[in-house]
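Structure record follows, encoded as structure tokens.
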Amino acid sequence: MKVTRIATLVVALCAGGTSVSKAQAPDQQGEGRGREMGGTILEGITLTDAQKAQQKVIREKYAPQMMQLRKTAETTGTPIDEAKMAEIRAAQIAELRAILTAEQQVIFDKNAAELKARTAERKK
């Protein structure tokens with residue numbers, strides 16, 4: 001009985017420790033929740049420290065707006081205003097693209113096109 005409890009505790013601690021360490025590990029390029037802004041769209045792009053700081057400012061600028069849309073949908077029981085969400089994302093992506101060099105923008109545009117194609121495919 002005691003061995004079973006100890007084994008269960010060990011498994012729970014290992015699982016909990018893994019979850020915490022994964023939650024604290026930043027993504028490859030960004031620390032954002034969504035891969036669109038933190039990973040996929042920036043895949044293959046190495047940001048400078050200054051660009052990372054600018055990316056963080058951009059993310060923090062738009063996060064409250066997106067959160068408010070989600071919160072409104074949740075409290076009213078209505079779907080998220082997808083048009084408004086797309087508008088916010090487009091503005092955020094445009095600002096993010098603006099901080100990149102011309103070489104980085106080429107990769108960014110390719111990633112954005114691939115992301116858009118995957119999104120369209122999922123909606124089918």
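FYI, side chains are in, hydrogens and waters are out, and symmetry mates aren't considered; it's all heavy atoms of this structure. This structure is a prediction, so every number in the text was calculated from the model and none was measured.
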For [X], which residues count as a side chain to side chain donor-acceptor pair (under 3.5 Å) partner, sequence neighbours excluded?
{"X": "Gln54", "result": "none"}
{"X": "Gln68", "result": "Thr72"}
{"X": "Thr76", "result": "Thr78"}
{"X": "Asp81", "result": "none"}

Does some side-chain heavy atom of [Y] sit less than 4.5 Å from a side-chain heavy atom of [X]?
{"X": "Asn111", "Y": "Thr40", "result": "no"}
{"X": "Met66", "Y": "Gln92", "result": "yes"}
{"X": "Lys84", "Y": "Gln65", "result": "no"}

Hey, could you give me the [atom1]/[atom2] distance between [X] and [Y], rounded to the nearest 0.5 Å?
{"X": "Tyr62", "Y": "Glu95", "atom1": "OH", "atom2": "CD", "value": "3.5 Å"}
{"X": "Leu115", "Y": "Lys110", "atom1": "CG", "atom2": "NZ", "value": "12.0 Å"}
{"X": "Leu47", "Y": "Leu42", "atom1": "CG", "atom2": "CG", "value": "5.5 Å"}

Exercise. Sequence neighbours left out, what passes salt bridge (Lys or Arg N to Asp or Glu O under 4.0 Å) with Lys71? Give chain and number order.
Key: none

For a quick test of your reading: what N or O donor-acceptor pairs under 3.5 Å do the side chains of residues 96-109 make, sequence neighbours left out?
residue : atom : partner : partner atom : Å
Arg97   : NE   : Asp109  : OD1          : 2.7
Arg97   : NH1  : Gln105  : OE1          : 3.4
Arg97   : NH2  : Asp109  : OD2          : 2.8
Thr101  : OG1  : Gln104  : N            : 3.2
Thr101  : OG1  : Gln104  : OE1          : 3.3
Gln104  : OE1  : Gln51   : NE2          : 2.7
Gln104  : OE1  : Thr101  : N            : 2.9
Gln104  : NE2  : Thr46   : O            : 3.0
Gln104  : NE2  : Gln51   : OE1          : 3.4
Gln105  : NE2  : Arg97   : O            : 3.0
Gln105  : NE2  : Leu100  : O            : 3.4

Quiz item: Less than 4.0 Å between a side-chain N and a carboxylate O, is that true for Arg118 and Glu121?
Solution: no

Practice problem: Quick one: do Glu82 and Ile80 satisfy side chain to side chain contact (heavy atoms under 4.5 Å, CB included)? Show the steps, please. | Solution: CA-CA 6 Å; Glu82 292 295 334; Ile80 291 176; 4.1 Å; yes

Exercise. Test Glu74 against Arg70 for salt bridge (Lys or Arg N to Asp or Glu O under 4.0 Å), laying out the working first.
Key: CA-CA 6 Å; Glu74 185 179 306; Arg70 289 184 186 102; over 6 Å; no

